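See structure below.
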2 protein chains.
Amino acid sequence: MASTVIDLASVRSICQQCGIYNLCMPIGLERGDIDQLDEIIKRRRPIAKGEHLYRAGEDFSSIYALRSGSVKTYLNHVSGVEHVIGFKLPGDLLGLSGISGSHYTNSAIALETSSVCEIPFTQLEDLCQEIHGLQHHIMEIMSREIQEDHEKIAVCHKLPAEARLASILLTLSDRFHHRGYSATEFNLSMSRSDIANMLGLAVETISRLFTHFEEEGLLTADRKHIKLLDIKRLSEIVQTA
Amino acid sequence: MASTVIDLASVRSICQQCGIYNLCMPIGLERGDIDQLDEIIKRRRPIAKGEHLYRAGEDFSSIYALRSGSVKTYLNHVSGVEHVIGFKLPGDLLGLSGISGSHYTNSAIALETSSVCEIPFTQLEDLCQEIHGLQHHIMEIMSREIQEDHEKIAVCHKLPAEARLASILLTLSDRFHHRGYSATEFNLSMSRSDIANMLGLAVETISRLFTHFEEEGLLTADRKHIKLLDIKRLSEIVQTA
DNA sequence: CGCCCTCTTGAATTAAGTCAAATAATGTGG
DNA sequence: CCACATTATTTGACTTAATTCAAGAGGGCG
């Protein structure tokens with residue numbers, strides 16, 4: 001029956017209809033492969049702002065692909081202090097650090113209403129066993145995460161406060177641009193204090209820096225709304241640091 | 001012929017004879033699987049102190065398992081400044097961040113005479129396709145690296161200098177212990193300035209802290225030779241920070 | 001509409017950095 | 001194997017970038 005065909009087509013390949021699927025999943029996959037992937041992926045109800053996707057210590061069983069919104073990942077220091085590790089944007093994968101110990105090693109909290117695809121990891125592994133390109137892709141994604149983490153380590157090691165803020169703004173700009181959004185105008189979903197924490201600085205310092213950058217004509221920052229006016233000079237701040 | 005059998009046995013399964021193979025390669029692998037792994041691994045001549053294993057930007061084709069010695073990984077900032085990312089010990093894998101872009105993204109330099117096994121990555125991927133446990137193991141290793149990097153990010157974000165040094169000493173202690181060496185007495189292969197760089201501090205600060213820790217009876221530091229005398233209190237320094 | 005939380009701004013403090021110099025270790029060529 | 005050159009480490013004095021403390025302004029949410 002024709003209707004059956006139509007049904008199958010609409011049920012399957014949700015990934016292909018997803019605006020960001022080429023970010024989280026491999027471009028090189030064949031149509032049939034994507035269908036297989038679709039079958040193991042669970043769609044989740046939207047996650048409200050402030051809701052946790054998972055918490056450090058919980059049993060690990062799935063990784064998550066962020067479809068929309070944004071998520072903050074963080075560690076809890078013994079003293080109870082929170083250490084922000086990063087901000088995830090649509091297309092990013094979450095939970096990869098939990099693979100090794102069967103528990104999530106960080107916590108992930110939505111910064112705004114967000115949606116994710118849950119990918120049961122064991123099933124994904126089995127699928128990787130069948131689809132060579134998928135195995136490679138997962139390894140690539142993990143590799144990229146390692147690379148990004150190294151850059152974060154480098155940024156926070158010696159760069160002065162100015163360069164750190166410039167750096168995170170430029171990184172976000174790149175990441176938005178890569179997702180098809182403006183590289184110069186965007187909304188921050190995270191608070192000043194999240195940014196401060198992530199950069200190893202005090203909130204007050206971030207606040208002063210935004211003011212200072214505005215005075216210098218490098219950007220405008222109206223609350224969460226940021227316009228980068230002089231990307232070239234911002235890059236110089238990072239580089240000459 | 002009996003001699004052939006002996007030859008085969010001695011040529012193969014070098015991994016199994018390697019004192020650290022259970023660190024870099026999966027414990028769960030069957031004997032035949034390890035033999036397959038052995039076949040793709042290239043043994044390399046020893047690397048002299050100060051020699052590079054690879055440099056950022058070079059074509060990526062292999063990852064390396066450190067067999068002996070120690071290696072420092074670092075990034076070069078645009079300004080030419082070096083940012084130390086980490087220190088690798090026997091059993092650690094190097095070069096994982098190069099998988100995604102076909103180039104190494106950091107540089108690796110031997111801190112002392114060291115030896116590595118070179119593992120051509122494409123061949124390893126093919127083998128992962130056949131051996132499920134191996135695929136899982138590689139993903140676990142990458143996951144652990146992500147986890148460790150997150151901890152480094154956290155350490156350098158807000159902890160005072162004291163806690164940072166205590167933290168790296170305890171981490172090294174753990175890692176030596178895990179490799180069957182003493183947890184309380186070891187030699188640092190890296191310079192004070194490497195430690196400083198890795199922790200985002202000045203050399204002078206590290207030097208002063210070692211003196212201070214000695215005065216407090218927390219450790220003795222004779223040049224590179226370290227004895228941890230009060231691990232409990234060192235942990236407290238990290239935790240109460 | 002008002003409370004709360006985030007953000008901003010100012011002033012004082014401090015942890016860590018920089019600069020400078022002495023000392024100790026390491027390596028090199030003769 | 002020694003003397004010298006070079007590099008790494010330590011220590012002290014001073015400086016500074018960023019923090020902390022304090023207080024006010026601005027938005028957003030119930």
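Within every chain, numbering begins at 1; the chains are lettered A, B, ... in the order of the sequence lines, protein sequences first and strands thereafter. Quantities reported herein were computed from a predicted structural model and do not represent experimental measurements. Computation of the quantities below employed the complete heavy-atom set of this structure, encompassing side-chain atoms and omitting hydrogens, waters and symmetry-equivalent molecules.
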With sequence neighbours left out, which residue pairs that include part of residues 229-241 of chain A fulfil the side chain to side chain donor-acceptor pair (under 3.5 Å) condition? A/D230-A/R233, A/K232-A/E236
For A/E82, salt bridge (charged side-chain N to carboxylate O under 4.0 Å, His left out) partners two or more places apart: A/K72
Does B/T211 place a side-chain N or O at less than 4.0 Å from the phosphate oxygens OP1/OP2 of D/dT11? yes
Rounded distance in Å - CZ (A/F210) to C1' (C/dT6): 13 Å
Is the base of D/dT11 touched by the side chain of B/R192 through a donor-acceptor pair closer than 3.5 angstrom? no
Any pair counted as side chain to side chain donor-acceptor pair (under 3.5 Å), so long as it reaches residues 43-55 of chain A, sequence neighbours left out: A/D38-A/R43, A/R44-A/Y64, A/R44-A/E118, A/R45-A/E51, A/H52-A/R55, A/H52-A/Y74, A/Y54-A/N106
Rounding to 10°, can you tell me the angle the first-five-pair axis of the helix from C/dC1-D/dG30 to C/dG30-D/dC1 makes with its last-five-pair axis? 50°
Tell me every residue that passes ring-ring contact (aromatic ring centres under 6.0 Å, His included) with A/H83, counting only those two or more places apart in sequence or in another chain. A/H77
With sequence neighbours left out, what residues match A/F176 under ring-ring contact (aromatic ring centres under 6.0 Å, His included)? A/F186
Just the rounded figure in Å: distance from P of C/dT26 to CG of B/L111. 15 Å
How many whole angstroms separate atom CD of A/E214 from atom P of C/dT8? 9 Å
Check the distance between C/dA16's C1' and B/K158's NZ and give it to me in whole angstrom. 14 Å
Spell out yes or no: do the side chain of B/R223 and the base of C/dT23 have one donor N/O and one acceptor N/O closer than 3.5 Å? no
